[in-house]
Amino acid sequence: MQQPIQKLWTRDFLIISLINFFLTLIFFLLMVTIGVHAVESYGATTSQAGLVTGIFIIGTLTGRLFIGRLIDSIGRKKTLYIGLVFFTATILLYFVHWGVGFLLLTRFVHGLGMGLSSTATGTIVAQVIPATRKGEGIGYYSMSSTLATAIGPFVGLLLSQHTSFTVIFGLCFVIGVISLASTFFVNVPEVDAPEVVRGFSLKSFVEPKALPIALIIGMAALSYSSVLSYINFYASELDLIEAASIFFLVYSVAVLLSRPITGKLMDARGANVVMYPAIAIFAIGLLVLSQANSGWMLLLAGALIGLGFGNIQSGTQAIAVKASPPHRMGMATSTFFIALDAGLGFGPYFIGLLIPLTGFSTLYLILSGVVLFTIFLYYVMNGRNEQKQLNEAA
């Protein structure tokens with residue numbers, strides 16, 4: 001007898017997805033405005049402004065490293081409360097003008113709050129999604145981040161042109177309060193007591209079973225960071241600024257249209273059927289970007305990169321969660337995001353060292369090859385085991 005389809009769109013799933021959307025919205029809204037604020041309000045240099053922007057991710061990484069081993073001891077919902085209180089309260093520090101040093105400290109602490117909160121939302125959503133619909137559910141959940149990735153920078157740039165930074169910080173605080181209030185309506189089922197991990201072994205900070213797939217998302221994120229950080233510089237060099245202004249909108253549309261399909265495919269036929277094409281499409285997208293000489297080629301690259309990296313991101317998160325025991329789900333989620341944030345956070349620095357040597361076009365061509373090599377790594381790390389399990393189940 002065919003089993004009834006388990007419900008995905010529950011109240012808890014919707015609220016956690018909404019909270020994740022708000023967190024990511026604030027993150028990207030401030031990412032595109034805080035550097036300008038540092039320069040205009042504090043007289044910061046360009047390098048200082050870059051540090052003000054990037055130190056947030058270092059704070060997020062730090063938060064993830066330490067909360068991953070504690071989240072199930074503290075409690076998943078309680079961790080979300082603590083993280084959101086921390087995240088929201090820190091926004092008030094942006095109103096305090098005590099120099100660039102204090103602004104750097106504020107950004108780092110704000111990043112810690114983001115690390116706590118987003119690790120909790122990622123863990124809770126993996127728990128409330130039915131086991132038979134993990135790929136589909138995480139795909140839909142990830143769309144909340146995708147929407148925020150497109151809307152956050154747009155709103156931030158619009159507000160910076162027409163309002164003051166006081167209004168921007170005020171809006172972020174209100175959104176934070178709404179997120180915090182929303183947690184009171186979430187029901188998080190209790191889980192079995194986690195194993196006690198003593199000392200400071202590797203298992204204290206990461207989930208070993210999630211490490212292989214974390215390496216894949218880390219490499220993919222590092223390659224994607226070249227697009228996230230330098231697409232405007234590249235477009236300016238090509239005189240394609242107008243097309244670049246909607247690059248991430250096209251990227252987001254491609255992700256939004258594909259994830260409902262790829263999520264169901266993962267649940268029905270396994271991860272390989274999504275991951276191999278996604279990695280290949282990402283590589284092709286970078287190849288097209290390296291050869292772009294017109295607006296339509298730039299936007300085609302955006303669509304391909306969205307189809308590729310966007311589905312690599314949701315696919316690897318689902319794999320990390322499935323590979324780990326239920327009581328280590330928080331650690332697995334933390335491990336996944338540590339790798340993702342490390343790639344996105346440190347990638348621009350290392351790639352920035354290559355640009356004077358290669359130029360943008362050659363850089364994207366090289367990274368296309370790096371991503372293509374990731375297919376082999378994925379096969380070794382996960383793909384062959386995935387296929388073996390599917391063959392045994394057939």
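Counting from 1, the numbers follow the sequence of the chain as shown. Reckoned from all heavy atoms, side chains included, excluding hydrogens, waters and symmetry mates. As the structure is a computational prediction, the values presented were derived from the model and not from experiment.
Note that CG of Leu286 is 10.5 Å distant from CZ of Phe309, once rounded to the nearest 0.5 Å. To the nearest 0.5 Å, atom CG of residue Leu29 and atom CZ of residue Phe169 are 9.5 Å apart. Put simply, CG on Leu304 and CG on Leu299 are 11.0 Å apart, with the number rounded to the nearest 0.5 Å. The distance from atom CG of Leu25 to atom SG of Cys172, rounded to the nearest 0.5 Å, is 7.5 Å. Here the CG-CD1 distance, from Leu80 to Ile124, works out to 4.5 Å after rounding to the nearest 0.5 Å. For the atom pair Asn311 CG and Thr262 OG1, the distance stands at 3.5 Å (nearest 0.5 Å).
Nearest approach of Leu23 to Ser118, heavy atoms of both residues: CD1-N, 4.2 Å. The shortest heavy-atom contact between Pro208 and Pro212 is O-CD, 3.4 Å. Ala220 approaches Ile312 most closely through the heavy-atom pair CB-CG2, 4.1 Å. In terms of heavy-atom proximity, Ala339 sits nearest to Ala214 at CB-O, 3.2 Å. Closest of all the heavy-atom pairs between Leu363 and Ser226 is CD2-CB, 4.5 Å. Ser361 and Ser290 make their closest contact through OG-O, 2.5 Å (heavy atoms, listed as atom of the first residue, atom of the second, distance).
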Leu30 and Ile168: side-chain contact (heavy atoms from CB on, under 4.5 Å), yes or no, with the steps? CA-CA 8 Å; Leu30 291 178; Ile168 292 173; 4.3 Å; yes

Under the side-chain contact (heavy atoms from CB on, under 4.5 Å) criterion, do Val255 and Leu307 qualify, and how do the steps go? CA-CA 6 Å; Val255 177; Leu307 288 172; over 6 Å; no

For Tyr276 and Tyr378: C-alpha separation, side-chain torsions, deciding distance, then whether ring-ring contact (aromatic ring centres under 6.0 Å, His included) applies. CA-CA 8 Å; Tyr276 285 127; Tyr378 172 78; 5.2 Å; yes

Determine, stepwise, if the pair Asn293 / Leu238 fulfils side-chain contact (heavy atoms from CB on, under 4.5 Å). CA-CA 7 Å; Asn293 54 22; Leu238 297 174; 5.9 Å; no

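Residue Phe376 places its CZ atom among 12 or fewer non-hydrogen atoms of other residues, nucleotides or ligands, all under 6.0 Å distant. Around the OH atom of Tyr379, the shell of radius 6.0 Å holds no more than 12 heavy atoms that belong to other residues, nucleotides or ligands. The 12-atom threshold is exceeded at NZ of Lys77, counting heavy atoms of other residues, nucleotides or ligands nearer than 6.0 Å.
When side chains are defined from C-beta on, Leu159 counts as touching Leu171, because their heavy atoms get closer than 4.5 Å. Ile338 has its side chain within reach of Leu61: a pair of non-hydrogen atoms, C-beta onward, lies under 4.5 Å apart. At least one side-chain heavy atom of Gln313 sits under 4.5 Å from a side-chain heavy atom of Phe336. When side chains are defined from C-beta on, Leu222 counts as touching Ile351, because their heavy atoms get closer than 4.5 Å. Between Phe87 and Ser179, the closest side-chain pair of non-hydrogen atoms is not below 4.5 Å. Side-chain contact between Tyr94 and Leu103: present, with at least one pair of heavy atoms (C-beta onward) separated by less than 4.5 Å. Between Met275 and Ile319, the closest side-chain pair of non-hydrogen atoms falls below 4.5 Å. At a threshold of 4.5 Å between non-hydrogen side-chain atoms, the residues Ser145 and Thr24 count as touching.
Cluster membership for Leu367 and Leu300, using ILVMFWY side-chain heavy atoms within less than 4.5 angstrom, is not shared. Under a hydrophobic-cluster definition in which Ile, Leu, Val, Met, Phe, Trp and Tyr are linked whenever side-chain heavy atoms come within less than 4.5 Å, directly or via other members, Ile284 and Ile305 are assigned to different clusters. Ile246 and Tyr224 fall into different hydrophobic clusters, defined by Ile, Leu, Val, Met, Phe, Trp and Tyr side-chain heavy atoms under 4.5 Å apart, directly or through other members. Note on Val109: it clusters hydrophobically with Ile55, by side-chain heavy-atom contacts below 4.5 Å among ILVMFWY residues. Both Phe337 and Met381 are members of a single hydrophobic cluster when ILVMFWY side chains are connected at heavy-atom separations under 4.5 Å.
Between Tyr42 and His37, the ring centre distance stays below 6.0 Å. With ring centers used as reference points, Phe173 lies 6.0 Å or more from Phe95. Taking the centre of each ring, Tyr234 and Phe247 stay at or above the 6.0 Å mark.
No donor-acceptor pair under 3.5 Å is formed between the side chain of Thr121 and the backbone N or O of Ile16. Listed for the Arg259 side chain is a donor-acceptor partner under 3.5 Å among the backbone atoms of Gly310. Thr90 contributes no side-chain N or O that, together with a main-chain N or O of His110, makes up a donor-acceptor pair within less than 3.5 Å.
Hydrophobic cluster membership for Leu287: Leu365 (Ile, Leu, Val, Met, Phe, Trp, Tyr linked by side-chain heavy atoms under 4.5 Å, directly or transitively).
Partner of Tyr140 under the ring pair (Phe, Tyr, Trp, His ring centres under 6.0 Å) criterion, out of Phe13, Trp9, Phe21: Trp9 alone.
With sequence neighbours excluded, the residues forming a side-chain contact (heavy atoms from CB on, under 4.5 Å) with Thr60 are Phe56, Arg64, Met114, Asp341, listed by chain and number.
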